[in-house]
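First up is the structure itself, then whatever we jot down about it.
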Amino acid sequence: MADRRRINGPAGATIPPVFDDVSTPKLKSPKTRSRPPNTTRKMYLKTGVTPSASGSAYLEIETSATPGVSGLKLSCSVHGPRSLPRSAPFSPHIVLSTHVKYAPFATKQRRGYLRDPSERDLGIHLEAALRGAIIADRWPKSGVDIIISIVEGDQDRETSLLQGDEVWDMMNALGGCITVAAAALADAGIDCVDTVAGGVAALVQDAGEDSIPTVVVDPIPSEHEKILAACCIAYLPTRDEVTNLWFRGDLPTSDIDLYTSLVEKGIQASKNANRVLVGCLAETIE
Amino acid sequence: MTTTTTTTAPPTLAVPGQLLGPASRYQPGPGTHLHNANLYASLLGHVHITQPAQQPQQRQRAPGPAKRLTKITPAPAPAPTPPAELPTISVAVAEVRSSRVPAAGAGAGAAVASGGGGGERKKREVLPEVGNVVLCRVVRITPRQAVVAILVCGDSVLEAEWQGLIRVQDVRATEKDRVRIYESFRPGDVVRAEVISLGDQANYYLSTTRNELGVVLAVSEAGNTMQPVSWKEFRDPETGAMELRKVAQPQPQ
Amino acid sequence: MSAPTIKLPAPLFARLSPHPFLLRNLTSAADPSRPATRTNGRGTQETRPLHAKASSLSHAHGSSLVRLGDTTVLCGVRGEVLPVERVPLFRPVDRGGVGLGRGELRDYDLLVPNIELATGSAPQFLPGVPPTALAQTLSTRVYSLLHSTGMVGVEDLRVWSKPAGGGEDTEMEGAGEGQEEEEGVKEEDRVVAYWVLYIDLLFVSFDGNPFDAAWAAVVAALRNTSLPVARWDPEREMVVCSRTEKRQLNVKGLPVACTAAVFEEKELGEVGTGVPEGRHWLLLDPDRLEETLCREAITMVVDCSDGETRIKSIEKQGGTAIGRELVRGFATIAEKRWKEVQGAMK
Amino acid sequence: MASSQHVLLSPAELAYLHASLSLAPPIRLDGRSPTQFRPLVAETGILPGTNGSARICFADGTEAIVGVKAEVERTAQRPGEDTVFFEEGGVGTDDADEEGETRDGVDKRKGDASWVEMTVEIPGLRDDDSGTAFLSAMLSEALLADGEFAKRLWINRRFHWKLYLDIILISPPLSYPLPLLSLTSHLALLSTRLPRLKSEGDEDPFFDDDWAAAPHLYPRTAATTTRPPITLLVMAVGNNIIFDPSKEELTVADVALAVSVTSATSPSTLSKPHTTDAEAAAAAETDPESGRNLRLLSIRTIDPPSRLTPPGVANAVNAAYGAAGTQKATLEAQTAAETEAVEGVWKAPRGGAKRAVLGALVQKVLERGGVVDEVLDALEAVELG
Amino acid sequence: MTATTAPKAALGVLPRSDGSAKYSHAGYTLTASVNGPIEAQRRDEHAYEAHVEVIVRPAAGVGGTRERHLESLLQSSLAQLILVKNFPRSLIQVVLQIEDSPENDYVNTKLVQASLNFAIMPALVQTAILALLSAGVPMRATATATAVAVVHQDGAKKMVVDPSPREVETASSVHVLAFTSHNGLLLAESEGDFTVGEWDDVYETAKEICCRSTPAKEGTAMVLDDEEPSATDMRQFLRSTMESKVAADLHWK
């Protein structure tokens, strides 16, 4: 059923361009990581991009060396504290509502305008991460909306069609969402116990099937042979607390150390992001 | 009124989560929070330290209408807060420099003041609290109450509109039984009122009992801005027609 | 005029009674020598500078970022392939033969613009709700303007069964395919598919005058759009595109939208009589506050790219303050605006 | 979301509950031990029309049924392969997630996440409700975490099984339904059988209509220990780790985790295809340790509803006791909100979970011969109808 | 040629609505129903004026973005004519059902077609006004509208009033203008490619049709009639329809 509130394309479904690989003899660069295993990509963060909002921020993660691989571009706006809708029940706290949406042109596949489950899922992860950070009881019977538009997904134009790495992309996206939302919240002047930032780490297998897996931070799926597991962590540095942990993959439970090291790396990545975040906030108030 | 200490630890600028000092030295003010015996910033902004001398900050305000209390109660017990000698430390976004906010009379000046949308940092949103004096616009009236939209709280303009309620018994202090809402407010009036309770999930409860509270800006049927002539009447300067209102006593500038 | 009973600081005044506030600002310039200034410090005829830059979205075939004061729009153009067998009642066209031109574009819906406001771009546009009437109206206006101006030629969007001869030379094996295919089946050259351009506009920040910004973004994005060279692959029976070769979309003309709102002295101004009593001001490029205070607005789209000024569209609604003379005069204002925007587009 | 539906406990009750749970050892409302699960009734094969089904009923009255249905579906080939089909309209929707694996030659079986369609129904929640989305995301994530599951649905290069997994909570969600739903779908998958394939190669598949001959989706030979994943809900109060918390317990949790584990064949063999049970069995043999080889699939923080609980107010600053109105009191109220926790006055927790606590939680779940093994054993015991 | 056919209208065709009108001209047939002032939904109620809601229903299928656009155009114009201030917090609802529109052999039959269909605008305006009149909704003025297409034929450009879809296709520019009964330009929609001069001529032609003073006042109308026999006098038409309706209503006296 076509959405009659929007201008729909032709009746017959259209096909995203199919490239003939014949003409391009394996231009896909050999999968190698362009950075040392525990350095994150450069990150650019700026507040106040949406003057009409109570608070806002824009995050951009440098596009990787490999051609055609886009970096993450996020724009976040915060509206509130605002009065709750009449229907809403009394709340002694501020009511947090998060909303993450990919722009139609953000990923290889054109995204629809309606949120799909993965986007809803992102929203919930974000909510969990932020609710731990804000001091909700400062704002009785009020609400705040946090809206993130993923202008450009962290995706490889060449390969993402051929790999089931959307999940890993989601993790990277979530990491960015958390950081940018924290900046926007601070910009909006909503009390937080700390600046929360997101970090991603992954267990990757670079040299074939039976090679020894290694742990890297801020992974780009296209730069690794195979990602065995990854985790995204929202971390409060000054309190040394984790507000959201999302692990996914396939790990033997026999050696828990693998898992712990993964989490540690995740936290390390989050700390890196946090440095950028604090720096950005500092210059906002200058 | 605010002075940033040059003496010790606390930084002049603070980022949420930043350590401000031990709870033993300061009282936590707005924009700060307490975490195991230390004070941390909870907002992004400049650090202010208020000496206890001027503790009643800008909300200068006489004790509330004691007669509202339904039962005789003991004087509030001393709160388990550090003794009042301690200075209050607070974090707030740098405010719009008052020099750029002339009275609206100076039109061109005013233009500059509010110019450029997100040009200067807007003040942080505040919530109406019990005891605040707010400015609101009347949205609809019923025989029982007037529904208003709270637009200004204290001296800070609110981003959001908060719905308020002036019940018929809170319009004026005397002859409450004689009060008629439609003789006190009309939709569109701008009213100065005081918050008397957080109210229900939707509304703050407001009162205009005190003299300086009531309608401050009213537009006549003819659509002209009217001037107050008595405690209960406005006059249209052009048509000369009188209209009934609960008029706020013009305040000495 | 009667002063309010209380002296208010400007921001409070603005919040409490915006209309008198704006009025005061416009009238306060007592001496006629100084022009009236608005609440945003601009003159009535003064527009906000427009910044357009071809932004680099790697998943879109063309994109642009347009800033008009505090209004920011992001536009992404993406092409997808529509095989003709999926077109209901498709009417074949032969190369060189006169196609249906505009009709083709319109009937097959090859241009799909959509405007998304619900991105938290302003407090009143929160996500999770269907597009507002405003968003739908804007989309429609962009759509019909795209068609009426004929900026995009359908020939750019056709994909032929044989690699186009002469016009643009396709890649080696593309041509190769063509040859042996000719020896094989003797089939005449036909349109096998169309490119459909999805033009998605995302408002990052909203501070009034959405149409001018949106339209500028569309134009800028289209001008920086280049589609991959597509060819028909007979044995796979599908359209395949070259990874390497792209072809720039050639965009005709440079239509520029210019919007103004009419601010009337009387808030409840009587309308209907040819001339509204009380003064009124034409506020060029209105911002969010002004838009809420004005009922009447005019948008004129002009294109001066080939010497003389051609008007592409006029949309005037919601009042009678703008009469014939004002429309005439507005044309010259639009011209001026066109030059500014043209400069920004370079 | 589901975890944060409003809880009707007074601040005093919350404070009491939190206190008793943070004792060592913790005292739970229903007198369970920290690691003890609520008793449950389980049965399988309750829906004759399905390939597999199960029903579980918790003691507290929450009850769920799961039905698994499989259909043969034509595989939508991808460009770059020699022939190209496109599902009509499929473009842009499911195509978002593509081939599960890209291993050349070694394994010709390819799984696709879109081959499994999971729907979760919670009474009182709209199906596009964030809570439901979260639950189904969590369950399907556990199922597909290793690229392996989807491969079981591979028939040949042109066809695959499309598996519809319908998870329905038939009672109102009295407690956070995640564990229940997970266990139920585990059983349902265990009992799921697919008709035996009779055709060869890439021809259009036809199947043996003898149901008895139909092999299980998860081979049941004693040798293989591969099992569907289970997701456990575990929370921490202070330093106490509590399994399978009831709704009330959850509302005072400092942190709550949903941990998905499965018992699989060892990693080395995982990558390689084992089409027949025998191979799989062999694989299991190669497993160094005896018993199960547990694998961690996913962990998610559940936003604990405790953050949404109303705070208690100490008398000193209670407006009802005459503190209202006066400037002094409001100031105190403000600062008092910033006092350290007063005994017996509930305060919604701020911040996140200590790193150590998180670590301990996971450790506790994964420990060999721990809760997970118990649960799996219990589920083994359920005879498949 | 459709343009020459005189407009036909009937009032009060729908017994259940406060006011209604059926109007057919230039191949278009529309029915409008007006209800109001009635109670407004909480969300779209204005504190100080009536909310005018316009709904346009296409001949087949459900309305799309194009209908929204038409609605917003009509809404902003009608809100100017109706004395909205007289009915605060109420709703005036205008529903326009398109029953028949001239076939266009070119456009393939797709229901949700977003392109703005100009030719139908005048019919919409006329029908809405008639329905409002029959509903007795107080208005400042009535309005009349017409569509004009500028067609270039063998060098010479000529203006076509009430163009057929075919002509719209081929026209170099299409214009819709609406005038109030006080000769104010209420609505102006133009599309295509034209100059200020051309627009001026269009303005003249349109005004001629919409605002010709009724013969009752001056005799000039007759002369003009000769010049342009094809064009109908919209305002005159409006008046006569109303008169006949009133006469019919009072017939029993």
Side-chain angles (χ1 to χ4, degrees), chain A residues 13-16 18-19 21 89 91-93 107 109-112 116-118 120-121 123-125 127-128 131-133 135-138 160-164 166-167 193-194 209-210 229 231 234-236 239-254 256 259-260 263 267, chain D residues 1 6 78-80 84 86 88-89 91-93 95-102 106 112-113 128 130 133-134 136-137 141 145-147 257 261 266-268 270-271 289 293-303 307-308 310-311 337 348 350-355 358-359 362-363 366 368:
Chain A
T14 56
I15 310 167
V18 175
F19 294 103
D21 299 306
S91 154
H93 302 110
T107 51
Q109 297 287 338
R110 181 171 184 272
R111 293 270 181 165
D116 65 12
S118 70
R120 296 179 184 280
D121 195 18
I124 298 161
H125 279 295
E127 184 179 346
R131 201 179 272 148
I135 306 181
D137 47 34
R138 290 282 169 91
S160 70
L161 250 179
L162 312 169
Q163 252 182 355
E166 271 67 21
V167 256
V193 290
D194 197 351
E209 281 318 322
D210 307 327
C231 73
Y235 178 71
L236 306 172
R239 293 168 75 103
D240 182 30
E241 288 175 346
V242 174
T243 59
N244 187 34
L245 162 64
W246 181 24
F247 167 90
R248 158 164 190 158
D250 181 19
L251 279 187
T253 60
S254 41
I256 187 90
Y259 162 77
T260 31
V263 173
I267 289 176
Chain D
M1 59 177 292
H6 269 291
R78 291 300 152 205
V84 177
F86 271 100
E88 278 302 328
V91 182
T93 60
D95 299 17
D97 39 10
E98 305 300 337
E99 310 294 339
E101 303 293 312
T102 50
V106 183
D112 185 323
D128 63 346
S130 56
F134 191 68
S136 56
E141 162 175 284
D146 52 354
L257 284 187
V261 291
S266 71
S268 54
L270 252 186
S271 46
E289 314 100 353
N293 162 299
L294 292 185
R295 302 191 66 82
L296 174 61
L297 292 182
S298 89
I299 300 178
R300 283 178 178 227
T301 326
I302 305 292
D303 187 16
R307 296 215 183 95
L308 295 172
R350 287 173 183 166
K354 291 275 169 229
R355 217 192 298 184
L358 270 184
V362 178
Q363 190 106 39
L366 300 184
R368 180 154 296 281

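Below, all heavy atoms of this structure are taken into account, side chains as well, without hydrogens, waters or symmetry copies. Throughout, protein chains are lettered first and strands after them, A, B, ... in sequence-line order, and every chain is numbered starting at 1.
- Of the atoms belonging to D:Leu358, it is side-chain heavy atoms, and not backbone ones, that fall under 4.5 Å from chain A.
- The line from CG of A:Leu251 to CG of D:Leu294 is 12.5 Å long, rounded to the nearest 0.5 Å.
- Put simply, CG on A:Leu236 and NZ on D:Lys354 are 9.0 Å apart, with the number rounded to the nearest 0.5 Å.
- Taking both residues in full, the closest heavy atoms of A:His93 and D:Ala348 are given as NE2-CB, 4.3 Å, listed atom of the first, atom of the second, then distance.
- Using a 4.5 Å cut-off between heavy atoms, A:Leu245 touches chain D through backbone and side chain atoms alike.
- Neither the backbone nor the side chain of A:Asp194 comes within contact range of chain D; no heavy atoms are under 4.5 Å apart.
- No side-chain heavy atom of D:Phe134 sits under 4.5 Å from any side-chain heavy atom of A:Arg120.
- Taking all atoms of both residues into account, the shortest heavy-atom contact from A:Pro92 to D:Pro311 is CB-CD, 4.2 Å.
- When every heavy atom of D:Leu297 is checked against every heavy atom of A:Phe247, the shortest pair comes out as O-CE2, 3.7 Å.
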Please lay out, stage by stage, how A:Trp246 and D:Glu141 fare under the test side-chain contact (heavy atoms from CB on, under 4.5 Å).
CA-CA 11 Å; A:Trp246 181 24; D:Glu141 162 175 284; 3.0 Å; yes
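- Here the shortest heavy-atom pairing between D:Gly351 and A:Val193 reads CA-CG2, 4.2 Å.
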Between D:Ile299 and A:Tyr259, does the side-chain contact (heavy atoms from CB on, under 4.5 Å) criterion hold? Intermediate values first, please.
CA-CA 11 Å; D:Ile299 300 178; A:Tyr259 162 77; 3.5 Å; yes
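- Separating the CG atom in D:Asp303 from the CD1 atom in A:Ile124 is a distance of 10.0 Å, to the nearest 0.5 Å.
- Minimum heavy-atom separation, D:Arg350 to A:Glu241: O-OE1, 4.5 Å.
- Across every non-hydrogen atom of A:Asp250 and D:Arg295, the tightest pair is OD1-NE, 2.5 Å.
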Derivation of the side-chain contact (heavy atoms from CB on, under 4.5 Å) call for A:Thr260 and D:Gln363
CA-CA 10 Å; A:Thr260 31; D:Gln363 190 106 39; 5.8 Å; no
Kindly indicate, with the supporting measurements, whether the criterion side-chain contact (heavy atoms from CB on, under 4.5 Å) is fulfilled by D:Arg300 and A:Asp121.
CA-CA 11 Å; D:Arg300 283 178 178 227; A:Asp121 195 18; 2.9 Å; yes
